[in-house]
There are 2 protein chains.
Amino acid sequence: MRLMEQKLAENIKYFRKLQNWTQQDLAKHLQISRSVVAKWESGTSVPDVKTLILLSKTFQVSIDHLVGMNTSRADLLKEFQKMYMSADQRQWDPDMMEIFDYLVKHPRMKEYFLEMIKLPLKKQKVVHRMFQTIIDEMERT
Amino acid sequence: MRLMEQKLAENIKYFRKLQNWTQQDLAKHLQISRSVVAKWESGTSVPDVKTLILLSKTFQVSIDHLVGMNTSRADLLKEFQKMYMSADQRQWDPDMMEIFDYLVKHPRMKEYFLEMIKLPLKKQKVVHRMFQTIIDEMERT
DNA sequence: AATATTTGTTCGTTTTTGGAACTATGGTAA
DNA sequence: TTACCATAGTTCCAAAAACGAACAAATATT
């Protein structure tokens, strides 16, 4: 993991110089001490996450790029799937897909489901239980 | 900047659940103590940059996404629709997204929902009605 | 209702950062 | 060359933060 620190160090320096800034300039921008910037760039220390985000904004570069992880900047689809679909596969989670289809076909059920989501948490739990009980019952008979 | 911590917290939890992992599972993966994960997810503390990168790799999500610096959900959705959805004109609306999120967070509910789908149609109808009744009831009281 | 699993919180300890001051390097002009 | 100035690297200490263990609370399952 030493590599990552190295890249981050290099990149901070790189983007700083891209702006024609001295360490002092950057430090002022971030409202921190100059010596801290020096330490980042020499790999002696690492900015915390909050500051990293600030750096990303300051330089207008993605955080992934900043830390040298822009390899996985792959396709949108993959990101999207990871973002919104159930995990394991590269494909859509078949189960979710099934539910999706089902709800499209049963809009009323969908509406009521949405209603449930809006309920206070405790009531949601109650609904879950009841639902569970109902399904169990239905499967048994 | 308080916002960022909140989003990061939510996202770590979200992606963890997407994998159907407990905090313990994630902790093991990262070779750290579970309580640390708990603290991240409750916003009590923040992972350092090294660990953040590890998380990004583990979940296969960009760091920017992880800290909530992503292009907005709506944008991503639009992009996705443009690229993959427009063909067969499926209705992919925000409500559906909400439901998906909800099911990710409540895997058990998802399972039971799937059970329902497998029931014979008549029973499904019955379940629908009961569900609606329950929701109506819950909303009234 | 009782048990087991999962999550949240508190505490003391350890690690790490951040800042001040000092040192080192590089360029420029006399 | 030497003196000077701006910039960058390093050391030390204080302060902040994360970490892990143990305990407490909440949630799910039977």
Side-chain angles (χ1 to χ4, degrees), chain A residues 1-2 4-6 8-55 119-137 139-140, chain B residues 1-2 4-6 8-55 102-113 115:
Chain A
M1 211 55 163
R2 178 112 217 101
M4 166 261 136
E5 277 122 343
Q6 199 49 44
L8 178 56
E10 285 167 10
N11 283 333
I12 292 176
K13 191 175 209 161
Y14 175 81
F15 288 115
R16 172 174 65 76
K17 297 214 163 186
L18 212 58
Q19 306 259 34
N20 275 320
W21 282 357
T22 66
Q23 291 181 347
Q24 183 61 59
D25 294 332
L26 180 53
K28 193 163 202 172
H29 236 264
L30 301 174
Q31 314 217 53
I32 57 168
S33 158
R34 187 200 57 80
S35 63
V36 173
V37 174
K39 273 187 264 194
W40 294 343
E41 295 189 356
S42 66
T44 309
S45 80
V46 174
D48 64 24
V49 175
K50 255 193 282 190
T51 313
L52 190 71
I53 292 174
L54 262 176
L55 282 167
L119 289 173
L121 249 112
K122 278 191 182 155
K123 289 195 175 175
Q124 288 181 31
K125 304 280 176 202
V126 177
V127 175
H128 285 195
R129 291 234 179 129
M130 296 177 102
F131 190 77
Q132 211 167 311
T133 310
I134 291 168
I135 301 299
D136 285 340
E137 184 62 27
E139 285 180 326
R140 192 133 26 74
Chain B
M1 213 56 163
R2 177 114 218 100
M4 166 262 135
E5 276 120 344
Q6 197 50 44
L8 178 56
E10 283 167 13
N11 282 333
I12 291 176
K13 190 175 210 161
Y14 177 83
F15 288 114
R16 174 174 64 76
K17 296 217 165 189
L18 207 59
Q19 307 261 37
N20 273 321
W21 281 358
T22 66
Q23 292 181 344
Q24 183 62 58
D25 294 332
L26 179 54
K28 195 163 203 171
H29 232 263
L30 302 174
Q31 315 218 53
I32 57 168
S33 159
R34 186 200 58 80
S35 61
V36 172
V37 174
K39 273 186 264 193
W40 294 342
E41 294 189 356
S42 65
T44 309
S45 80
V46 174
D48 64 25
V49 175
K50 256 192 282 190
T51 313
L52 190 70
I53 292 173
L54 261 177
L55 282 167
Y102 190 84
L103 291 177
V104 167
K105 287 183 193 144
H106 301 88
R108 232 129 349 216
M109 188 64 183
K110 178 184 148 195
E111 292 311 316
Y112 274 97
F113 202 96
E115 295 292 326

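Below, read A as the first sequence line, B as the second, and so on, with proteins coming before strands; counting in each chain starts at 1.
- By the 30° and 60° cut-offs, the orientation of the rings of His29(B) relative to Trp21(B) is tilted.
- Taking Glu137(A) as the reference, Arg140(A) meet the salt bridge (Lys or Arg N to Asp or Glu O under 4.0 Å) condition, with sequence neighbours excluded.
- Rounding to the nearest 0.5 Å gives a distance of 9.5 Å between CD of Gln31(A) and CG of Leu54(A).
- Contacts between residues 10-23 of chain A and DNA chain D, defined by a heavy-atom separation below 4.0 Å, involve Lys13(A), Arg16(A), Thr22(A), Gln23(A), listed by number.
- When side chains are defined from C-beta on, Phe113(B) does not count as touching Ile135(A), because their heavy atoms never get closer than 4.5 Å.
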Any N/O pairs under 3.5 Å between the protein and nucleotides 13-17 of chain C? List them or say none.
unit_1	atom_1	unit_2	atom_2	d
dT17(C)	OP1	Val46(A)	N	3.2

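- Nucleic acid contact for Ser42(B): sugar-phosphate only, since backbone atoms but no base atoms lie under 4.0 Å from a heavy atom of the residue.
- With hydrogens and angles ignored, the 3.5 Å screen pairs no side-chain donor or acceptor of Arg34(B) with any backbone N or O of Gln23(B).
- Arg108(B) comes within 4.0 angstrom of the backbone, heavy atoms only, and of no base.
- Here the side chains of Leu52(B) and Asp48(B) are not in contact, with every heavy-atom distance at 4.5 Å or above.
- You'll find the side chain of Leu26(A) reaches within 4.5 Å of the side chain of Ile12(A), heavy atoms only.
- Ile32(A) has its side chain within reach of Val37(A): a pair of non-hydrogen atoms, C-beta onward, lies under 4.5 Å apart.
- Remark: the Ser35(A) side chain and the dG19(C) base include a donor-acceptor N/O pair separated by less than 3.5 Å.
- With values rounded to the nearest 0.5 angstrom, His128(A) atom NE2 is found 8.5 Å from Leu121(A) atom CG.
- You'll find the side chain of Lys50(A) stays beyond 4.5 Å of the side chain of Val46(B), heavy atoms only.
- For the pair Gly43(A) and Ala9(A), the tightest heavy-atom approach, listed with the atom from each and the gap, is N-CB, 4.0 Å.
- Annotation: proximity of residues 24-33 of chain B to DNA chain C (heavy atom, distance under 4.0 Å) is found for no residue.
- Of the possible donor and acceptor atoms, one in the side chain of Gln124(A) sits under 3.5 Å from a partner among the backbone N and O of Leu119(A).
- Across residues 123-136 of chain A, Lys125(A), Arg129(A) each have a non-hydrogen atom less than 4.0 Å from an atom of DNA chain D (numbered order).
- Although no hydrogens or angles enter the test, the distance criterion places a donor-acceptor pair under 3.5 Å between the side chain of Asp25(A) and the main chain of Thr22(A).
- First and last contacts of DNA chain D with chain A, using any nucleotide atom under 4.0 Å from a protein heavy atom and ordered 5' to 3', fall at dT7(D) to dT29(D).
- Between Leu30(B) and Pro47(B) there is no side-chain heavy-atom pair separated by less than 4.5 Å.
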